[in-house]
Participant: 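Just dropping this structure here.
What's counted below: heavy atoms across the whole structure, side chains too, no hydrogens, waters or symmetry copies. These numbers come from a predicted model, not from an experiment.
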Amino acid sequence: MDDLIAFLRARLDDDEQLGEIHTPDCDARIPYEWEFVCRCGLPARRSGDIAAKREVIKFAAWLDQNRAGSEFMEGRAQSARHVLRLLALPYADHPDYREEWRPGDQSAAHS
């Protein structure tokens, strides 16, 4: 799980470094002093999305570190691993992505 956590943290770092990439023709651009500023909320949502994912990863890592000796915690850690695999899925085309991280069909387990 440590490798998956490291992979996700690196991808979020990459996403964060992209900055506030935004299309210049956004319909929500308004004049502000000498430039146009976008007020659509996408950059703020993107920043919030990255922060939320970092917290999910931190919580999953904590569950993994504290699972020993407890059947209850082991079950929670397994669920957290599945969530991390889902978070990694959008990066499946990245060269560092491992197929072993691809989530399996969970529908049978929840039917």
Participant: In a table with atom names and distances, give each donor-acceptor pair under 3.5 Å that connects a side chain of residues 1-10 to protein atoms at least two apart or in another chain.
Facilitator:
unit_1 : atom_1 : unit_2 : atom_2 : d
D3     : OD2    : R98    : NH1    : 3.0
D3     : OD2    : R98    : NH2    : 3.1

Participant: With sequence neighbours excluded, tell me which residues meet side chain to side chain donor-acceptor pair (under 3.5 Å) with E99.
Facilitator: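 Counting only residues at least two positions away or on another chain, E99 forms a side chain to side chain donor-acceptor pair (under 3.5 Å) with R102.
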
Participant: Checking S70 now: which residues fulfil side chain to side chain contact (heavy atoms under 4.5 Å, CB included) with it, not counting sequence neighbours?
Facilitator: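 S70: side chain to side chain contact (heavy atoms under 4.5 Å, CB included) contacts with F72, M73.
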
Participant: Charged N to carboxylate O below 4.0 Å: is that the case for E71 and R76?
Facilitator: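 The answer is no: the pair does not qualify as a salt bridge.
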
Participant: Would D49 and R54 count as a salt bridge (charged side-chain N to carboxylate O under 4.0 Å, His left out) if you check the C-alpha gap in whole Å, the side-chain angles of each, and the deciding distance to 0.1 Å?
Facilitator: CA-CA 9 Å; D49 181 62; R54 288 189 189 283; over 6 Å; no

Participant: Could you work out, with side chain to side chain donor-acceptor pair (under 3.5 Å) as the rule, every residue matching Y91, not counting sequence neighbours?
Facilitator: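 Side chain to side chain donor-acceptor pair (under 3.5 Å) check on Y91 returns D15.
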
Participant: Taking side chain as C-beta onward, heavy atoms only, is L84 less than 4.5 Å from W101?
Facilitator: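 Contact flag for L84/W101 side chains = no.
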
Participant: State whether the number of non-hydrogen atoms from other residues, nucleotides or ligands found under 6.0 Å of E100 atom CD is greater than 12.
Facilitator: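 Yes.
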
Participant: Could I get the full list of side chain to side chain donor-acceptor pair (under 3.5 Å) partners for E74, not counting sequence neighbours?
Facilitator: R67, R81

Participant: Taking all non-hydrogen atoms of both residues, which atom of Y97 and which atom of A88 are closest, and how far apart?
Facilitator: CE1-O, 3.6 Å

Participant: Quick one: are K53 and R11 in side-chain contact, heavy atoms under 4.5 Å?
Facilitator: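 No, every pair of side-chain atoms sits at 4.5 Å or beyond.
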
Participant: For residues 55-63, run the donor-acceptor check on the side chains, cut-off 3.5 Å, and write out each pair with its distance to 0.1 Å, sequence neighbours left out.
Facilitator:
unit_1 : atom_1 : unit_2 : atom_2 : d
E55    : OE2    : K58    : NZ     : 3.2

